[in-house]
Amino acid sequence: MAILPILPFGNPILRQKSKRVSNIDGSIQKLIDDMIETMRDANGAGLAAPQIGRLLRVIVIGLPEEEPFALINPQIVKRSGEREVMEGCLCLPGYRGEIKRAVSVTAKGRDRHGKEVRLKAEDLLAQTLEHEIDHLNGVLYVDHLQGEGRLYKIEGSEL
Ligand code: NI
């Protein structure tokens with residue numbers, strides 16, 4: 001496993017759309033392991049492959065006290081509710097922005113073994129899924145800042 005450099009906000013790769021993974025092979029397994037190690041090292045709760053310069057539809061999520069997991073070709077199939085959250089990103093360390101996210105989402109994708117999974121999530125897990133899937137589409141949380149929305153400089157864990 002390896003800790004990989006995380007691209008900073010402003011790098012054009014972060015604005016590109018990632019490609020679907022067609023074959024979940026050894027290189028994807030290794031990518032997942034490296035992403036989990038990189039996320040833990042950065043004290044993050046989630047990481048998407050484009051953040052380490054790989055334009056593939058792979059995300060990892062590691063919420064506090066929970067086993068980290070990967071989702072390949074993830075998609076949000078249902079969103080409900082709306083709430084205001086403070087959100088950060090490992091590509092923009094030390095900042096938070098107040099944005100709106102769903103209260104709950106249903107996501108589907110494949111796990112690291114290629115098995116289809118469907119996940120109902122609320123609160124922080126729902127927020128993290130939306131944040132990481134946004135990365136796969138070249139979208140960053142700052143894009144969701146409202147007219148009066150501001151960025152704050154705050155410490156804490158990032159996505
Ligand atoms: Ni992020």
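Between Y141 and H131, the shortest heavy-atom distance links the atoms CD2-CE1, 4.0 Å. Nearest heavy-atom pair, C91 versus Q51, reported as atom, atom and distance to 0.1 Å: SG-NE2, 3.3 Å. In terms of heavy-atom proximity, R112 sits nearest to Q29 at O-NE2, 2.7 Å. When every heavy atom of H135 is checked against every heavy atom of P50, the shortest pair comes out as O-CG, 3.6 Å. The shortest non-hydrogen separation linking I36 to P68 is CG2-CG, 3.9 Å. A pairwise comparison of heavy atoms in I6 and A42 identifies CD1-CB, 3.9 Å as the closest pair.
The structure places CG of L129 at 10.0 Å from CZ of R79, a figure rounded to the nearest 0.5 Å. Atom CG of N73 sits about 10.5 Å away from atom CD of E116, to the nearest 0.5 Å. Note that CG of L14 is 10.0 Å distant from CG of L92, once rounded to the nearest 0.5 Å. Of the inter-residue distances, the one linking M86 atom CE with E84 atom CD reads 10.0 Å to the nearest 0.5 angstrom. The distance from the CD atom of E122 to the OG1 atom of T106 is 10.0 Å, given to the nearest 0.5 Å. For the atom pair I76 CD1 and I133 CD1, the distance stands at 4.0 Å (nearest 0.5 Å).
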Inset, instruction - Decide yes or no on side-chain contact (heavy atoms from CB on, under 4.5 Å) for K19 and L55, but give the supporting numbers first. - result: CA-CA 6 Å; K19 291 193 178 73; L55 288 167; 5.7 Å; no

Inset, instruction - Apply side-chain contact (heavy atoms from CB on, under 4.5 Å) to R110 and V21, showing your working. - result: CA-CA 10 Å; R110 291 185 184 270; V21 174; over 6 Å; no

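Put simply, F9 and I99 are part of the same group of oily side chains (I, L, V, M, F, W, Y) that touch within less than 4.5 Å, one to the next. Hydrophobic clustering (side-chain heavy atoms under 4.5 Å, transitive across Ile, Leu, Val, Met, Phe, Trp, Tyr) keeps I32 apart from L71. Residues Y95 and V142 are members of one and the same hydrophobic cluster, defined by side-chain heavy-atom contacts under 4.5 angstrom among Ile, Leu, Val, Met, Phe, Trp and Tyr. Linking ILVMFWY side-chain heavy atoms closer than 4.5 Å, directly or via other members, places L63 and M35 in two distinct hydrophobic clusters. No continuous path of hydrophobic side-chain contacts links L90 to L136 [ILVMFWY only; heavy atoms under 4.5 Å].
Shown here is R54, whose CZ atom has no more than 12 heavy atoms of other residues, nucleotides or ligands within 6.0 Å. More than 12 heavy atoms of other residues, nucleotides or ligands sit less than 6.0 Å from atom CZ of F69.
No donor-acceptor pair under 3.5 Å is formed between the side chain of R101 and the backbone N or O of A126. Of the possible donor and acceptor atoms, one in the side chain of D25 sits under 3.5 Å from a partner among the backbone N and O of I28. Checked by atom type and distance alone, the side chain of R57 pairs as donor or acceptor with a backbone atom of S18 at under 3.5 Å. With T38 contributing its side chain and L4 its backbone, the two residues share a donor-acceptor pair below 3.5 Å.
When side chains are defined from C-beta on, R40 does not count as touching I3, because their heavy atoms never get closer than 4.5 Å. Looking only at side-chain heavy atoms (C-beta outward), I59 and T128 stay at 4.5 Å or farther from each other. Contact of the E87 side chain with the H144 side chain is not registered, since no non-hydrogen atoms from C-beta on lie closer than 4.5 Å. With a 4.5 Å cut-off on side-chain heavy atoms, D34 and I52 do not count as touching. A 4.5 Å side-chain heavy-atom check between D134 and L140 finds every atom pair outside the cut-off. Proximity of I72 to D111: side-chain heavy atoms (C-beta onward) are nowhere separated by under 4.5 Å.
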